[in-house]
K.L.:
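Here it is, the structure in full.
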Amino acid sequence: MFATSTQRHFWMFKDETDVSNARLSANIKYISSRGRNMTVAERETHFLNVVEEKSLIMSYEYQLRDFCRKFHPPMPRYVVGTALHYLKRFYVNNSVMDYPPKEILVTCVYLACKVEEFNVSMDQFVGNLKGDREKAATIILNNELLLMQQLDYQLTVHNPFRPLEGLMIDMKTRFPTFSDPERLRPGIDEFLEQVFYSDAILIYAPSQISLAAIIHSASTSKENVDEYITKILFSEDQKRLLNLIEAVKKIRVMVRNVQLPHRDTIKALEKKLVVCCNPDNNSESPAFKKRMKQSFDDEESFEDGQYPSASSDQVRSMLMGLSEMGKI
Amino acid sequence: MDDYQTCPKCKTTKYRNPAMILMVNACGHALCESCVELLFAKGSGACPECKCPLRRNNFRIQLFEDPAVDKEVDIRKRILKEFNKRQEDFPTLREYNDYLEEVETIIFNLVFDIDPTNTNKMIDNYKKENKDITQKNRNRQSQEEMELEELLEAEKNQQCEKANLYVNAELEEKKQKHKAREKLIDELMFSDADAKSIVASHVQATAALAKEQPKAAVQAGSGVVKSSKFSSGIQIGLRGQHTNSFLPIPKQEDLPLYRYTAPIFDYDGPPPPSIEMLGKLNYFANIRAANITERAGGYTEAMSCCRALQEAMGGLFYSPQSTHKTAVLATISSTQDTDDMETT
């Protein structure tokens with residue numbers, strides 16, 4: 001139930017400024033740790049600011065949806081919803097420059113498949129990816145624990161799809177004067193697709209979002225479901241009705257303001273990202289590869305036991321250094 | 001000793017024919033195997049000493065030197081299969097002793113052929129009276145036999161495991177020595193350091209290894225043994241059936257009785273209809289009916305309908321709040337600032 005869920009107790013924001021403040025703090029934290037030796041102006045040009053990060057994330061959300069649309073076997077929409085939730089939550093706490101969004105994207109989808117019990121084996125999953133499959137598999141498995149940790153291990157997500165079904169059933173049973181609410185479905189589906197690109201899912205309850213979808217679709221087809229809401233749903237509570245109307249209005253505004261960022265801007269931002277990203281977490285960078293190789297070598301030498309991992313000339317240089325110190 | 005075991009018929013001894021096996025028959029006289037075959041090749045025969053009619057399968061391989069003893073042992077076994085009461089079945093010790101004496105009398109009579117008809121009558125009487133107790137005791141005995149067998153097997157397994165462990169430990173040692181020697185040779189070949197220092201370090205390493213070995217062997221010896229108990233102390237297998245060794249849980253008299261309180265859900269929205277009311281309110285017309293396989297598994301349309309409605313109604317009254325940790329921390333710090341400002 002949403003009212004008792006961790007989603008409500010730990011992952012809700014008051015409004016859009018609240019969300020952007022959280023993103024801002026993550027951004028600032030990253031810049032201050034990485035750009036310690038730069039001036040303010042240099043930092044501006046080198047790193048991404050919050051607005052740019054937001055556009056990048058939105059483009060990656062679109063990419064996620066495309067990936068899921070082409071997924072084989074066909075992915076149900078609640079899995080996509082959960083994956084988008086995870087992506088959003090992850091990048092509220094962390095900066096885009098810190099962890100490469102492409103890797104986090106696939107890890108989100110994989111984790112969402114597991115959590116929503118949509119059973120896909122790893123081989124099937126990486127079969128849908130282009131490029132090196134084994135490498136992708138290792139990337140996903142390495143990032144999975146990180147993703148769960150950043151989500152505070154609170155993995156249950158309430159999506160608006162089931163409340164939508166419930167409202168449909170209720171409307172058909174208690175509001176028969178409105179004929180065939182199924183006509184509203186295409187508009188509803190489109191609305192729900194768009195709502196995931198906004199921050200509404202982090203601010204409002206999923207049932208409120210689905211009600212907004214119904215109202216939106218009804219108004220676009222010039223129908224009126226207000227009677228249903230006032231007479232039947234909220235027949236007792238008038239002030240809460242006002243609260244709900246307010247919420248629905250805001251949700252619709254947010255969805256209207258959703259805009260896919262332009263492809264050229266995205267390309268420029270991605271180039272900038274490559275420059276300012278964190279090399280420790282980016283599996284492409286040479287520093288990362290060197291670190292992995294070193295840890296691998298350390299593991300090997302442990303099995304032998306007595307023989308140190310340093311090569312012999314390193315040992316010799318150490319010994320020489322020590323003997324020189326002795327001379328002094 | 002070999003001379004003693006003579007077949008009365010053909011007079012061969014074990015000395016002359018070391019493979020000779022004496023068989024004993026129901027009347028207690030011995031015959032060597034070849035004589036037995038001879039006797040029965042001519043049809044069913046009679047015992048050469050006492051002329052009582054015999055059958056082939058009444059001959060058993062002799063276990064004891066004295067065939068009379070063997071005969072008695074056989075009769076005793078047969079009788080005790082029937083007379084298998086134990087001390088627990090008798091209220092007093094005196095009755096148990098009387099019973100034992102009766103059994104011994106019967107056996108004595110049968111061995112020495114005293115009063116066979118009466119004895120047999122006594123046996124039959126006893127059998128009729130005590131059939132069920134006999135059966136119960138028989139079952140109990142077979143259980144005990146199985147438990148004994150299991151104990152023996154467990155011991156055997158443990159010994160096997162220990163032996164295996166020791167063998168493995170020895171193999172490991174040999175392998176390690178071999179490895180170390182190869183390493184030494186490799187180092188001497190490829191490394192640039194001084195040969196003497198390599199050898200010295202190698203000797204040190206093997207000395208350190210030798211010290212570790214006894215410790216490792218002790219550890220390996222006490223290592224993985226097939227356990228016979230669960231971690232709570234209950235024994236694995238049929239031996240765990242001695243439940244009379246457990247004490248009953250002490251009963252606490254003065255605790256309050258459990259009272260059922262129905263859980264209260266806060267939906268944060270208009271209350272959805274309860275699952276019992278859904279049918280009457282005709283919700284099922286608008287939901288897909290459960291097919292036969294689903295209904296067999298216990299699923300009804302009411303369940304998914306109820307769940308959908310609960311999710312739909314739940315949260316409708318929700319108004320946005322900051323619950324995310326960054327937002328919560330920000331509000332805490334901001335309230336602290338305002339407090340400071342007020343005091344100054």
Side-chain angles (χ1 to χ4, degrees), chain A residues 1-5 7-15 18-19 21-23 25-26 89 92-93 152 158 160-174 202-208 210-211 232-237 240 243-244 246-247 250 304-307 312-313 315-316, chain B residues 176 179-180 183 186-187 190-194 197-198 201-202 204-206 208-209 212 263 265-273 278 280-288 301 304-331:
Chain A
M1 199 100 6
F2 174 71
T4 52
S5 66
Q7 184 173 341
R8 184 198 182 285
H9 289 293
F10 297 104
W11 288 100
M12 284 278 135
F13 292 88
K14 196 147 190 233
D15 50 24
D18 217 358
V19 183
N21 283 343
R23 292 203 178 113
S25 59
R89 287 187 191 179
V92 160
N93 284 337
D152 276 341
H158 291 267
F161 304 113
R162 206 179 284 124
L164 174 70
E165 299 300 326
L167 285 171
M168 284 274 135
I169 294 171
D170 199 41
M171 244 168 58
K172 289 181 202 166
T173 315
R174 293 204 280 178
L202 293 172
I203 302 174
Y204 293 104
S207 49
Q208 290 172 332
S210 50
L211 194 58
I232 295 167
L233 277 185
F234 285 92
S235 50
E236 292 122 39
D237 274 301
R240 300 208 211 205
N243 186 15
L244 179 75
E246 180 77 25
K250 289 222 177 93
D304 297 345
Q306 299 95 7
Y307 295 84
S312 57
D313 39 72
V315 171
R316 211 185 305 141
Chain B
Q176 287 219 6
K179 245 190 186 179
K183 283 249 167 66
D186 278 340
E187 268 228 320
F190 295 120
S191 144
D192 293 336
D194 184 23
S197 64
I198 294 179
S201 69
H202 183 75
Q204 262 185 355
T206 39
L209 196 64
E212 272 185 39
F265 295 113
D266 176 20
Y267 288 107
D268 206 12
L278 288 177
K280 299 192 193 119
L281 299 169
N282 199 24
Y283 274 94
F284 295 152
N286 300 316
I287 192 165
R288 178 179 69 92
E301 307 91 16
S304 62
C305 192
C306 180
R307 192 175 177 198
L309 284 171
Q310 280 177 351
E311 292 245 354
M313 302 298 165
L316 278 178
F317 295 161
Y318 173 74
S319 49
Q321 302 157 25
S322 285
T323 53
H324 186 66
K325 48 189 179 184
T326 50
V328 169
L329 287 172
T331 50

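Every chain is numbered from 1 and lettered A, B, ... according to where its sequence line falls, protein lines coming before strand lines. All heavy atoms count here, side chains included; hydrogens, waters and symmetry mates do not.
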K.L.:
Between the side chain of Gln321(B) and the main-chain N/O of Lys14(A), is any donor-acceptor distance below 3.5 Å?
P.N.:
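Checked: no pair found.
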K.L.:
So do Met12(A) and Thr323(B) actually touch side chain to side chain, heavy atoms under 4.5 Å?
P.N.:
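Sidechains of Met12(A) and Thr323(B): in contact.
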K.L.:
With a 4.5 angstrom heavy-atom cut-off, is it the side chain or the backbone of Val92(A) that approaches chain B, or both, or neither?
P.N.:
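Contact with chain B: side chain only.
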K.L.:
What's the separation between atom NE2 in His158(A) and atom CD in Glu311(B), rounded to the nearest 0.5 Å?
P.N.:
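The distance works out to 6.0 Å.
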K.L.:
When rounded to the nearest 0.5 angstrom, what is the spacing between CZ in Arg89(A) and NE2 in His324(B)?
P.N.:
9.5 Å
K.L.:
So how far is it from Ile169(A) CD1 to Leu278(B) CG, rounded to the nearest 0.5 Å?
P.N.:
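It is 9.0 Å, given to the nearest 0.5 Å.
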K.L.:
By side chain to side chain contact (heavy atoms under 4.5 Å, CB included), which residues pair with Ser25(A), not counting sequence neighbours?
P.N.:
none
K.L.:
Look up atom SG in Cys305(B) and atom CG in Asp170(A), then write down how far apart they are to the nearest 0.5 Å.
P.N.:
9.0 Å
K.L.:
For residues Ala3(A) and Asp266(B), report the shortest heavy-atom separation together with the two atoms involved.
P.N.:
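For Ala3(A) versus Asp266(B), the nearest heavy atoms are CB-O, 3.3 Å.
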K.L.:
Output the option from Pro272(B), Ala308(B), Ser201(B) having the highest count of non-hydrogen pairs under 4.5 Å with chain A.
P.N.:
Ala308(B)
K.L.:
If you tally heavy-atom pairs under 4.5 Å against chain B, which of Ala205(A), Ser210(A), Pro160(A), Pro206(A) wins?
P.N.:
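The residue among Ala205(A), Ser210(A), Pro160(A), Pro206(A) with the greatest pair count is Ala205(A).
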K.L.:
Work out which heavy atom in Gln208(A) is nearest to a heavy atom in Tyr318(B); give both atom names and the distance.
P.N.:
NE2-O, 2.6 Å
K.L.:
How many angstroms lie between atom NZ of Lys172(A) and atom CG of Asn282(B), to the nearest 0.5 angstrom?
P.N.:
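Reported to 0.5 Å precision, the distance equals 12.5 Å.
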K.L.:
If you compare all heavy atoms of Ser207(A) against all heavy atoms of Gly315(B), which two are closest, and at what distance to 0.1 Å?
P.N.:
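Scanning both residues completely, I find the closest heavy atoms to be OG-C, 3.5 Å.
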K.L.:
What part of Asn243(A) gets within 4.5 angstrom of chain B, counting heavy atoms only: side chain, backbone, both, or neither?
P.N.:
side chain
K.L.:
Quick one: OH on Tyr283(B) to CZ on Arg174(A), what's the gap to the nearest 0.5 Å?
P.N.:
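One finds 4.0 Å between OH of Tyr283(B) and CZ of Arg174(A).
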K.L.:
Between the side chain of Gln310(B) and the main-chain N/O of Met1(A), is any donor-acceptor distance below 3.5 Å?
P.N.:
no
